[in-house]
Amino acid sequence: MSDDSPTIPLADVLRAANELVSAGLIEDYALGGALAAIYYVEPFTTYDADIIFIAKDKTLSAGIPAIYAYLQSKGWRVEREHLLVNDFPVQFLAASGLTEEAVRDAKRIEYEGVPAKVFRPEHIIAIAASVGRNKDLARIDQMLEQAEIDRTRLDDILARYNLSLPKP
Amino acid sequence: MKTDMRRQLARQPFEEKIRKVGQLIRLRQKVKTAELNVSEEEALLESLDEAEAERVTPKLQ
């Protein structure tokens, strides 16, 4: 990666995800993980992008081989569980349950002119509560402190998925 | 960093925040490279010290 190239080619990632929808390989997608959180809070270091998708192919593979083949034909490389675009790792993760709801309910945005969707803050918090690692608990604190949260929406999601926020 | 400053950063445009994350990644990479160079240098100095110690200390037969 040269010094003047963008370290995070997010527009390329989102453009590719849109192409996957157009090509009929996935039904829908949204940006999740740390980059989705950064949409709402201060920037922090992260080393990959998570694209959460609703599979068209409902078999066990969730159409991942076809997604990989499509992106590799566009010059993306594969390295372990990541696909790399301009050396930046991207994970494509099949949605289910709470994450599928998060994709369907995601906020529509434009990033450098590319239409995309990003998880809403209430879903980011609920997903973090469901995973529960230390970094997820830190993310919940950060979201509650810095993002505008719809408490009614958050409480509804937490109740439906039988989740609770960590005690302060 | 104060909470109000963090909130101010949080309100920046997404594109700007992603650019800053890129800068953070580059900075981390530079720090990591510098740390690696320092530890390589330390290892080299250590091995030179050991070699010197072996040279001046007569070996037990």
Side-chain angles (χ1 to χ4, degrees), chain A residues 1-14 30-50 84-90 106-121 124 138-139 141-149, chain B:
Chain A
M1 210 181 312
S2 70
D3 249 15
D4 52 356
S5 68
T7 310
I8 302 185
L10 187 55
D12 292 337
V13 174
L14 300 172
L31 182 63
L35 289 182
I38 290 168
Y39 185 84
Y40 301 99
V41 302
E42 64 183 316
F44 57 87
T45 314
T46 183
Y47 295 98
D48 65 1
D50 291 337
L84 275 78
V85 56
N86 296 343
D87 290 341
F88 186 73
V90 183
K107 180 183 165 121
R108 290 187 186 279
I109 62 162
E110 260 201 20
Y111 182 85
E112 293 180 352
V114 182
K117 288 171 80 180
V118 61
F119 279 0
R120 289 186 188 277
I124 295 172
R139 185 171 294 167
D141 282 346
Q142 194 180 29
M143 292 291 293
L144 292 173
E145 188 182 278
Q146 297 174 19
E148 280 181 27
I149 308 294
Chain B
M1 209 188 305
K2 286 184 176 161
T3 306
D4 51 351
M5 200 183 280
R6 288 172 180 264
R7 286 194 183 130
Q8 209 172 324
L9 281 170
R11 282 195 293 268
Q12 288 185 329
F14 190 38
E15 282 88 346
E16 178 62 20
K17 290 196 273 186
I18 293 297
R19 200 177 58 77
K20 284 194 173 140
V21 176
Q23 288 173 345
L24 285 172
I25 294 172
R26 279 186 203 171
L27 202 61
R28 284 264 174 116
Q29 283 167 344
K30 275 184 190 164
V31 170
K32 213 179 253 183
T33 309
E35 276 173 0
L36 275 177
N37 288 342
V38 167
S39 57
E40 270 174 21
E41 204 173 301
E42 276 171 356
L44 184 63
L45 287 172
E46 247 171 52
S47 66
L48 287 174
D49 284 348
E50 278 168 19
E52 179 64 9
E54 264 177 34
R55 196 179 65 80
V56 297
T57 312
K59 278 185 184 164
L60 292 172
Q61 296 299 315

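Residue numbers start from 1 in every chain, and the chains themselves are labelled A, B, ... in the order their sequence lines are given, proteins ahead of strands. Just so we're clear, the structure is a prediction, and the values are computed from it rather than from any experiment.
- To the nearest 0.5 angstrom, B/Arg6 atom CZ is 6.5 Å from A/Gln146 atom CD.
- Without hydrogens or angle criteria, B/Lys17 side chain to A/Val41 main chain gives a donor-acceptor distance under 3.5 Å.
- Here A/Ile38 contributes atom CD1 and B/Ile18 contributes atom CD1; the two are 5.5 Å apart, rounded to the nearest 0.5 Å.
- Test B/Leu24, B/Val21, B/Ile25 against A/Thr46 for side chain to side chain contact (heavy atoms under 4.5 Å, CB included) and you get one pass: B/Val21.
- Taken from CD in B/Gln29 to OH in A/Tyr47, the straight-line distance is 7.0 Å, to the nearest 0.5 Å.
- Residue A/Ile109 touches chain B through its side chain alone, counting heavy-atom pairs closer than 4.5 Å.
- For B/Arg28, the CZ atom sits in a loose shell: 12 or fewer heavy atoms of surrounding residues, nucleotides or ligands are nearer than 6.0 Å.
- Residue contact with chain B, scored on non-hydrogen atoms closer than 4.5 Å, involves the backbone and the side chain of A/Tyr111 alike.
- Rounding to the nearest 0.5 angstrom, the gap separating the CZ atom in B/Arg26 from the OG1 atom in A/Thr45 is 13.5 Å.
- Shown here are the side-chain hydrogen bond (donor to acceptor under 3.5 Å, both in side chains) partners of B/Glu16, two or more places apart in sequence or in another chain: B/Arg19.
- The contact between A/Phe44 and chain B is made entirely by backbone atoms, counting heavy-atom distances below 4.5 Å.
- Ranked by heavy-atom pairs shorter than 4.5 Å toward chain B, the options A/Glu148, A/Glu145, A/Gln142, A/Glu112 are led by A/Glu145.
- For the pair B/Phe14 and A/Val118, the minimum side-chain heavy-atom distance is 4.5 Å or more.
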